[in-house]
*Asks:* 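Pasting in a structure now, in structure tokens, and then I'll have a few things to ask.
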2 protein chains.
Amino acid sequence: MDAGSRVDRVFAALGDPGRRSLVEAVAERGSATATELAAELPVTRQAVAKQLGALADAGLLQATRAGRETRYSVTPAPLEDAVDWIVSVGAAWDERLVALRRSLARATDAR
Amino acid sequence: MDAGSRVDRVFAALGDPGRRSLVEAVAERGSATATELAAELPVTRQAVAKQLGALADAGLLQATRAGRETRYSVTPAPLEDAVDWIVSVGAAWDERLVALRRSLARATDAR
DNA sequence: TTGACGCGCAACCATATGGTTGCATATAAC
DNA sequence: GTTATATGCAACCATATGGTTGCGCGTCAA
């Protein structure tokens, strides 16, 4: 999978507030199961499990089956892709800003 | 608007691949109109305009009416909120990692 | 003034999405 | 062996979302 589609999946996964708070919860606990998390949320276990699955698909969480429970833990690596995207957009914008300032300076000189 | 909901809107806006590529396009050009962008995309102007509006609502773009056209430019500030969130999640995860290593070390010492 | 250009708004549509219920399966405990 | 716990899977539902078409309104130019 190329970097582009990886970023797509990460941002899409993080796009839902519920999923983001799940990532937060798992990060704070170190690891957690769908049942644990659902116990403190106004949604069913299945809903949480579905979202955890989506986050795992995006590579943000890692699922580990331990006995009869599946524990999820954070895999922060994909987040770097997201940061990279943000940085690259910021850089492109900065370049345009610099170019704009330059052309304004030229216009001022020519005046 | 508090930081939390601001982050919500930013990530939600960035969640759609189409919107993200619009941000990229605007960042590269410095500024652009819905008509300009739609000309190079397989969608209608209205679709682009709607997405640009969503991005503007999220604070990622700024709309400026100039005569009969509306130019959009990038406002990178909200992106920092997104990075902050990512960093904070990473930090929380790191803390748990450190705590885990510490308890493992303790267990080793006790052995 | 008249026509072209660019926008914004509203209605409408197909599909995706998050959530729920119901049930079957596997593991741990008694 | 039997019961309780934890999951996974599938069907189903309401709503959100992205996109389209149609249309009316300012704005610029001939």
Side-chain angles (χ1 to χ4, degrees), chain A residues 4-26 29-75, chain B residues 4-26 29-75:
Chain A
S5 55
R6 232 175 17 210
V7 176
D8 275 354
R9 316 219 310 187
V10 172
F11 272 111
L14 260 32
D16 182 68
R19 275 194 296 265
R20 279 225 327 291
S21 61
L22 280 182
V23 173
E24 290 177 0
V26 174
R29 297 154 177 265
S31 75
T33 68
T35 304
E36 286 173 13
L37 295 169
E40 303 184 355
L41 293 174
V43 296
T44 59
R45 173 188 62 84
Q46 283 87 338
V48 173
K50 196 185 282 190
Q51 302 293 43
L52 289 178
L55 289 166
D57 283 343
L60 289 166
L61 296 183
Q62 185 184 22
T64 308
R65 188 79 191 241
R68 65 179 160 184
E69 65 180 10
T70 0
R71 304 206 65 84
Y72 288 86
S73 53
V74 177
T75 307
Chain B
S5 54
R6 227 170 28 204
V7 177
D8 275 354
R9 316 219 311 188
V10 172
F11 272 111
L14 261 31
D16 182 68
R19 273 194 297 264
R20 279 225 326 292
S21 60
L22 280 182
V23 173
E24 290 176 1
V26 174
R29 298 157 176 262
S31 75
T33 68
T35 304
E36 286 173 12
L37 295 169
E40 302 184 355
L41 294 173
V43 296
T44 59
R45 171 188 64 85
Q46 284 87 337
V48 174
K50 197 185 280 192
Q51 304 292 42
L52 290 178
L55 289 166
D57 283 342
L60 289 167
L61 296 183
Q62 186 183 20
T64 308
R65 188 78 190 243
R68 66 181 160 182
E69 66 180 12
T70 315
R71 304 207 67 84
Y72 288 86
S73 53
V74 176
T75 306

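Here is the naming used below: chain letters follow the sequence lines, and residue numbers restart at 1 for every chain.
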*Asks:* Using whole Å, report how far CZ of B:Arg20 lies from P of D:dG18.
*Replies:*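 Taking CZ of B:Arg20 and P of D:dG18, I get 13 Å after rounding.
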
*Asks:* If you take any heavy atom closer than 4.0 Å to DNA chain D, which residues from residues 60-73 of chain B end up in contact?
*Replies:*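 Of all residues in residues 60-73 of chain B, the ones placing a heavy atom under 4.0 Å from DNA chain D are B:Gly67, B:Arg68.
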
*Asks:* Over how many whole Å does the gap from A:Leu37 atom CG to D:dA6 atom P extend?
*Replies:*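 In whole Å, D:dA6 P and A:Leu37 CG are 13 Å from each other.
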
*Asks:* To the nearest angstrom, how far is B:Arg9 atom CZ from D:dA16 atom C1'?
*Replies:*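 From B:Arg9 CZ to D:dA16 C1': 17 Å.
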
*Asks:* Whole angstroms only, please: what is the CG-C1' distance between A:Leu52 and C:dT17?
*Replies:*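 Rounded to the whole Å, the gap is 16 Å.
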
*Asks:* Would you say the side chain of B:Leu37 lies within less than 4.5 Å of the side chain of B:Leu52, judging by non-hydrogen atoms?
*Replies:*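 Heavy-atom side-chain distance check passes, below 4.5 Å.
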
*Asks:* Can A:Glu40 and A:Arg29 be counted as an ion pair, charged N to O under 4.0 angstrom?
*Replies:*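 Counted as a salt bridge, because a side-chain N and a carboxylate O are separated by less than 4.0 Å.
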
*Asks:* Within the 4.0 Å heavy-atom criterion, would you say A:Gln46 contacts the bases, only the backbone, or no part of the nucleic acid?
*Replies:*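 A:Gln46: base contact, heavy atoms under 4.0 Å.
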
*Asks:* Does C:dG19 have its OP1 or OP2 closer than 4.0 Å to a side-chain nitrogen or oxygen of A:Thr44?
*Replies:*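 So the side-chain polar atoms of A:Thr44 never come under 4.0 Å of the phosphate oxygens OP1 or OP2 of C:dG19.
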
*Asks:* Tell me the closest heavy-atom pair linking B:Ser73 and B:Gly30, and the distance in Å.
*Replies:*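 B:Ser73 and B:Gly30 have their closest heavy atoms at CB-O, 3.6 Å.
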
*Asks:* Taking the nucleotide of DNA chain C with the closest heavy atom to each, which residue, A:Arg45 or B:Arg45, is nearer the 5' end?
*Replies:*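 Nearest-nucleotide comparison on DNA chain C picks B:Arg45.
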
*Asks:* To check you understand the geometry: which heavy-atom pair defines the closest contact between B:Gln62 and B:Thr75, and what is its length?
*Replies:*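 That would be CB-OG1, 3.6 Å.
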
*Asks:* With a 4.5 Å limit on heavy-atom distance, are the side chains of A:Leu22 and A:Leu61 in contact?
*Replies:*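 The answer is no; the side chains never approach within 4.5 Å.
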
*Asks:* May I have the distance from B:Asp16 (atom CG) to D:dG19 (atom P), rounded to whole angstrom?
*Replies:*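 The distance from CG of B:Asp16 to P of D:dG19 comes to 6 Å, rounded to the nearest Å.
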
*Asks:* Taking only the side-chain heavy atoms of B:Lys50 (C-beta and beyond), determine which of C:dA11, C:dT20, D:dT21 contains the nearest atom.
*Replies:*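 Nucleotide nearest to B:Lys50's side chain: C:dA11.
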
*Asks:* Calculate the interatomic distance between A:Asp57 atom CG and C:dT17 atom C1'; express it in whole Å.
*Replies:*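 Going from A:Asp57 (CG) to C:dT17 (C1'), I get 15 Å.
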
*Asks:* For B:Asp8, does its backbone N or O pair with a side-chain atom of B:Ser5 as donor and acceptor, under 3.5 Å?
*Replies:*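 No, B:Ser5 side chain to B:Asp8 backbone: no donor-acceptor pair under 3.5 Å.
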
*Asks:* Tell me the interatomic distance from A:Arg19, atom CZ, to C:dT17, atom P, rounded to whole angstroms.
*Replies:*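 Answer to the nearest Å: 9 Å.
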
*Asks:* To the nearest 0.5 angstrom, please state how far the CZ atom of A:Arg71 sits from the OG1 atom of A:Thr64.
*Replies:*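 Taking CZ in A:Arg71 and OG1 in A:Thr64, the distance rounds to 9.5 Å.
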
